[in-house]
Amino acid sequence: MSTLYIDGRKVPATGGQSIPVYSPVTGEVYAEIARGMPEDIDLAVKAARSAVNGDWGRMSATERGRILVRIGNGVLANIEELAEIEAKDTGKPIALARKDIEALARYFEFYGGAADKVHGEVIPYLSGYTVSVVREACGVVGHIIPWNYPAQMLGRTIAPALAMGNASIVKPAEDACMTSLRFAEIAAEAGLPAGALNIVTGYGREAGAALAGHPGINLITFTGSPDVGVAIQTAAAVNHVKCVLELGGKCPQVVFADADLDKAVPVIVGAIIQNAGQTCSAGSRVLIQKEVYEDVITRVAAKFREVRVGLPETSPDCGPIITKAQFGRVNQFIQECKDSDLPVIAEGAMDNDLPKGGYYVRPTLFGPVPRDHKLAREEVFGPVLAALSFDDEDDAVALANGTDYGLVASIWSENGARQQRMAKRLEGGQVFINCYGAGGGVELPFGGIRKSGHGREKGLLALDEFSITKTVVSHHG
Ligand code: NAI
Ligand code: MG
C-alpha cells in the first residue's frame with residue numbers, strides 16, 4: 001500500500017487512491033504511489049505548523065545543524081540502496097544516480113555546517129539606540145520539485161530550508177517520488193522531529209495546486225516548466241506568499257576561435273547528453289565562431305557519434321526519457337526539426353535489444369540552425385544539441401542572450417581578457433569559463449533571470465531565500 005509521509009508517519013492518502021508508477025526502462029508499471037489530495041495538503045500544513053511552533057522551531061541552530069549533518073551521513077550510509085531506487089525510478093545511468101545521491105548528502109553536510117553561522121547585523125543608528133537585524137525562519141515552506149534530478153532537487157530545496165528552522169512540505173513529481181519517500185525515513189532516523197518534513201505525493205493539478213495556493217504556507221519553491229511557474233506564482237499571489245522559481249533554460253556554450261578544443265569538445269557533448277538532456281542547465285546550444293565552425297563541428301560530431309544509449313545498469317551515456325509523455329514531446333520536437341529540413345550533423349548510437357516499451361531517444365546534433373528556428377530558442381529537454389555560428393564578441397553576446405531564458409552560459413577561450421569581458425556580458429545566474437557543470441557545486445549560488453525564473457538556491461545565498469529579516473530597535477538612552 002502506497003503512503004504519504006505526514007507528521008513523522010506513513011499514512012494513506014485520504015481519498016484512498018493511488019497512481020501507477022511506470023518504469024522508463026520498460027514502459028511497464030512497477031509500483032504505485034499514493035494520490036495525495038488537497039485534504040492531505042491541509043494535514044501536512046497543520047503538522048508543519050505544529051513543528052514550527054514546537055520543539056523544532058525552538059531548537060538551537062547548533063542542534064538543527066547536527067541533525068542535518070546526521071541526515072547527510074544517513075544518506076551516505078544508504079547510498080547504494082538510494083542510487084538503485086533513483087536509477088529505477090528515473091531510468092538514469094546508475095553512476096549518475098550515485099552522484100545525485102552524493103549531492104543529496106552534500107546538501108545536508110553543507111547546510112548542516114552553515115546552520116549556526118548565520119550572523120545578523122548591528123546597525124549604527126541614533127544616539128541612545130541599539131539596532132540589530134536578525135534572520136528568522138519563514139515558517140512553513142512548500143516545495144514542488146520535478147522528476148529529472150529528484151534526489152538532488154530534494155536536497156537543494158529542503159536542506160537550506162531546514163537549516164533555517166522552517167518546516168517543509170514536499171510535493172515530488174508524480175513521475176519520480178520513490179527516493180524522497182525513502183529519504184523521509186532516513187531523516188527521521190537521524191533525529192529530524194515529526195512535522196519538520198512532510199512528503200505528499202500526487203498530481204500537480206491536485207496536491208501541487210493545493211500546496212501552491214494554501215493560505216497556511218509562508219514560502220513556495222518550484223522547479224519545473226515556465227507555464228506551471230506562472231500558475232504557482234498566481235496561486236501564491238492570492239495569499240501574498242513569496243516564490244522561488246527555477247524554470248529551465250536554453251543554455252549557450254560559446255566557443256571562440258582560440259578555444260582549446262581538446263578540453264572543450266568532450267565537455268560540450270557531455271553537457272547536453274547528461275541525464276538524456278533532461279537538465280534545466282543542459283548546454284543545449286553550441287555557438288561557434290565562424291572561422292572555426294567547420295573544424296569545431298567536425299570534432300563535436302565525432303564525439304557525439306560515440307554517445308551510447310542503453311540500460312541504466314550498463315553505464316551508458318544516456319538512459320531513457322522519463323515518461324511516455326516526455327518521450328512523445330522530445331520525439332515530436334526532433335521530427336519537426338527534420339521536417340523543416342534542418343541538417344542532422346550526427347546521431348548517437350542505440351544499444352541493441354533495448355526493451356521495446358522503454359522511452360529511448362537517439363541523441364541528435366543539428367546544424368547550422370538558423371537563429372529564428374524553434375530549435376535555437378525553445379527548450380527541448382532531451383538529448384538534442386543545436387549548433388549555430390557567430391562573427392565576433394558582440395555577435396556572440398547578442399546570440400547567447402537572445403532567448404527568453406537566462407540560466408547558465410559557458411565561454412571557451414584561452415584569452416583572459418575576452419573571458420572577463422564575456423563573463424560580464426552574458427546574462428544568467430552562472431557563467432563557466434573553460435568548464436561547465438551547474439549540477440556539481442552545492443556551494444555555488446544558482447538561479448535564473450527572465451523565463452528561467454527568479455530567486456537563488458544553493459550556496460550560502462539560499463539561506464537568505466529561506467529566511468526573513470527582523471530589525472530590532474532598542475531605545476535605552
Ligand atoms: P511540470 O512543470 O508540469 O512539473 C514539475 C512539477 O510541478 C511536478 O511536481 C508537477 O506535479 C508539478 N505541477 C504540475 N502542474 C502543477 C500545478 N498546476 N500546480 C502545482 N504544481 C504543479 O513539468 P512536466 O510536465 O513534468 O515537464 C514539462 C516540461 O517542463 C519539460 O519538457 C521541461 O521543459 C520542463 N521542466 C523543467 C525542469 C527544470 O529542471 N527546470 C524540470 C522538469 C520539467
Ligand atoms: Mg506538466
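Treat the numbers as computed from the prediction; the structure is a model and nothing was measured. All values below were derived from every heavy atom in this structure, side-chain atoms included, with hydrogens, water molecules and symmetry-related copies excluded.
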### Query
Just wondering, are more than 12 heavy atoms of other shown residues or ligands nearer than 6.0 Å to NZ in K242?
yes
### Task
Please check if atom OH in Y22 has more than 12 non-hydrogen atoms from other residues, nucleotides or ligands closer than 6.0 Å.
no
#### Entry: Step-by-step side chain to side chain donor-acceptor pair (under 3.5 Å) determination, R329 to Q326
CA-CA 5 Å; R329 240 174 249 170; Q326 286 299 113; 2.5 Å; yes
### Message
Any non-hydrogen side-chain atom of L407 less than 4.5 Å from a side-chain atom of Q430?
### Response
no
### Message
Return the CG to CD1 distance between L211 and I41, rounded to the nearest 0.5 Å.
### Response
4.5 Å
### Summary
Nearest heavy-atom approach of A97 to A83 is CB-O, 3.5 Å
#### Entry: Electrostatic pair R135:D464 at N-O distance under 4.0 angstrom
yes
#### Entry: Straight-line distance of I272 CD1 to Y436 OH, nearest 0.5 Å
8.5 Å
### Check against side chain to side chain donor-acceptor pair (under 3.5 Å), Q253 and S410
CA-CA 5 Å; Q253 303 224 51; S410 78; 3.0 Å; yes
### Message
On a heavy-atom basis, which atom in C138 and which in N166 lie closest, and how many Å separate them?
### Response
N-OD1, 2.7 Å
### Short N-O contact, K99 and E102, less than 4.0 angstrom
no
### Query
Going by heavy atoms in the side chains, are I158 and L197 under 4.5 Å from each other?
yes
#### Entry: Audit row: E84, I94, side chain to side chain contact (heavy atoms under 4.5 Å, CB included) steps and yes/no
CA-CA 7 Å; E84 275 169 31; I94 184 74; 4.2 Å; yes
### Message
Main chain of C177, side chain of D89: is a donor-acceptor contact present, judged purely on distance under 3.5 Å?
### Response
yes
### Query
With respect to T179, which candidate in E86, K88, E81, Q152 satisfies the side-chain hydrogen bond (donor to acceptor under 3.5 Å, both in side chains) definition?
E86
### Query
Could you give the distance from CZ (R9) to CG (N198), rounded to the nearest 0.5 Å?
11.0 Å
### Query
Do Q278 side-chain atoms and I322 backbone N/O form a donor-acceptor pair below 3.5 Å?
yes
### Query
With distance as the sole test, does K263 use its side chain to make a donor-acceptor pair with the main-chain N or O of N434 at under 3.5 Å?
no
### Query
Could R106 and F110 be counted as a cation-pi pair, given that NZ or CZ must be under 6.0 Å from the ring centre and within 45° of the axis?
no
#### Entry: R98 bridged to E80 by N-O distance under 4.0 Å
yes
### Message
Show, in sequence, the C-alpha distance, side-chain angles and deciding distance for W147 and F381, and conclude whether the ring-ring contact (aromatic ring centres under 6.0 Å, His included) test is met.
### Response
CA-CA 12 Å; W147 41 261; F381 228 61; 5.5 Å; yes
### Message
Please verify the inter-ring angle class for Y111 with Y107; under 30° counts as parallel, over 60° as perpendicular, anything in between as tilted.
### Response
parallel
## Note on the structure
In terms of heavy-atom contacts, A207 and K171 come closest through CB-CG, 3.9 Å
#### Entry: Heavy-atom side-chain proximity of L354 to L311 below 4.5 angstrom
yes
### Query
Just wondering, do V330 and Y359 contact through their side chains at under 4.5 Å, heavy atoms?
no
### Query
Checking side chain to side chain contact (heavy atoms under 4.5 Å, CB included) for the pair F466/T157: CA distance, chi angles, key distance, verdict?
CA-CA 9 Å; F466 288 98; T157 189; 3.9 Å; yes
### Query
Can you find a pair of side-chain heavy atoms, one from E185 and one from R182, that are under 4.5 Å apart?
yes
### Query
Does R456 offer a backbone N or O that forms a donor-acceptor pair with the side chain of E465 under 3.5 Å?
yes
### Message
Has D7 got a side-chain atom pairing as donor or acceptor with A47's backbone, closer than 3.5 angstrom?
### Response
no
### Task
Check for a donor-acceptor pair, side chain of E379 on one end and backbone N or O of G249 on the other, with a separation under 3.5 Å.
yes
### Task
Please report the C-alpha distance between V300 and V269 in whole Å, then the side-chain angles of each, then the deciding distance to 0.1 Å, and finally whether the side chain to side chain contact (heavy atoms under 4.5 Å, CB included) criterion is met.
CA-CA 7 Å; V300 170; V269 174; 4.0 Å; yes
### Task
May I have the step-by-step check of ring-ring contact (aromatic ring centres under 6.0 Å, His included) for F390 and F256, ending in yes or no?
CA-CA 9 Å; F390 66 86; F256 285 93; 5.2 Å; yes
### Query
Given the rule in the salt bridge (Lys or Arg N to Asp or Glu O under 4.0 Å) test, do D262 and R299 qualify, once you have shown the distances and angles that lead to the verdict?
CA-CA 9 Å; D262 290 339; R299 294 176 65 164; 2.5 Å; yes
### Smallest separation among heavy atoms of I232 and A212, with atom names
CG1-CB, 3.9 Å
### Message
What I want to find out is whether D351 reaches R308 closely enough, with some N-O distance under 4.0 Å, to be called a salt bridge.
### Response
yes
### Task
Look at D404 together with K250 and state whether they make a salt bridge at an N to O cut-off of under 4.0 Å.
no
#### Entry: R156/E246 ion pair, N-O < 4.0 Å
yes
### Query
Within the distance-only criterion (no hydrogens, no angle test), does the side chain of Y360 pair as donor or acceptor with the backbone N or O of V25 below 3.5 angstrom?
yes
### Summary
Rounded to the nearest 0.5 angstrom, the CG-OG1 distance for D175 and T323 is 5.0 Å
### Task
Determine yes or no for a side-chain-to-main-chain donor-acceptor pair under 3.5 angstrom, with N275 supplying the side chain and N148 the backbone.
yes
### Side-chain heavy atoms of L375 within contact of V380, under 4.5 Å
yes
### Message
Please check if the number of heavy atoms outside K117 that lie under 6.0 Å from its NZ is greater than 12.
### Response
yes
### Minimum side-chain heavy-atom gap L247-Y405 below 4.5 Å
no
### Message
Given 3.5 Å as the limit, does a donor-acceptor pair link the side chain of S452 with the main chain of G248, or not?
### Response
yes
#### Entry: Nearest non-hydrogen partners of I33 and M178, listed with the distance
CG2-CE, 3.9 Å
### Message
I want to check something: taking the side chain as every heavy atom from C-beta on, are F183 and I199 in contact at a cut-off of under 4.5 Å?
### Response
no
### Query
Yes or no on side chain to side chain contact (heavy atoms under 4.5 Å, CB included) for V309 and V361, after CA distance, side-chain angles and deciding distance?
CA-CA 8 Å; V309 180; V361 167; over 6 Å; no
### Task
Might you point out which heavy atoms bring I345 and R305 nearest each other, and give the distance in Å?
O-NH2, 3.1 Å
### Any donor-acceptor N/O pair, R285 side chain to A400 backbone, under 3.5 Å
yes
### From OG1 (T62) to CG (D116), nearest 0.5 Å
4.0 Å
### Message
With rounding to the nearest 0.5 angstrom, report the CD to CH2 distance, Q419 to W412.
### Response
10.5 Å
### Message
Counting only heavy atoms from other residues, nucleotides and ligands, does the tally under 6.0 Å from NZ of K10 exceed 12?
### Response
no
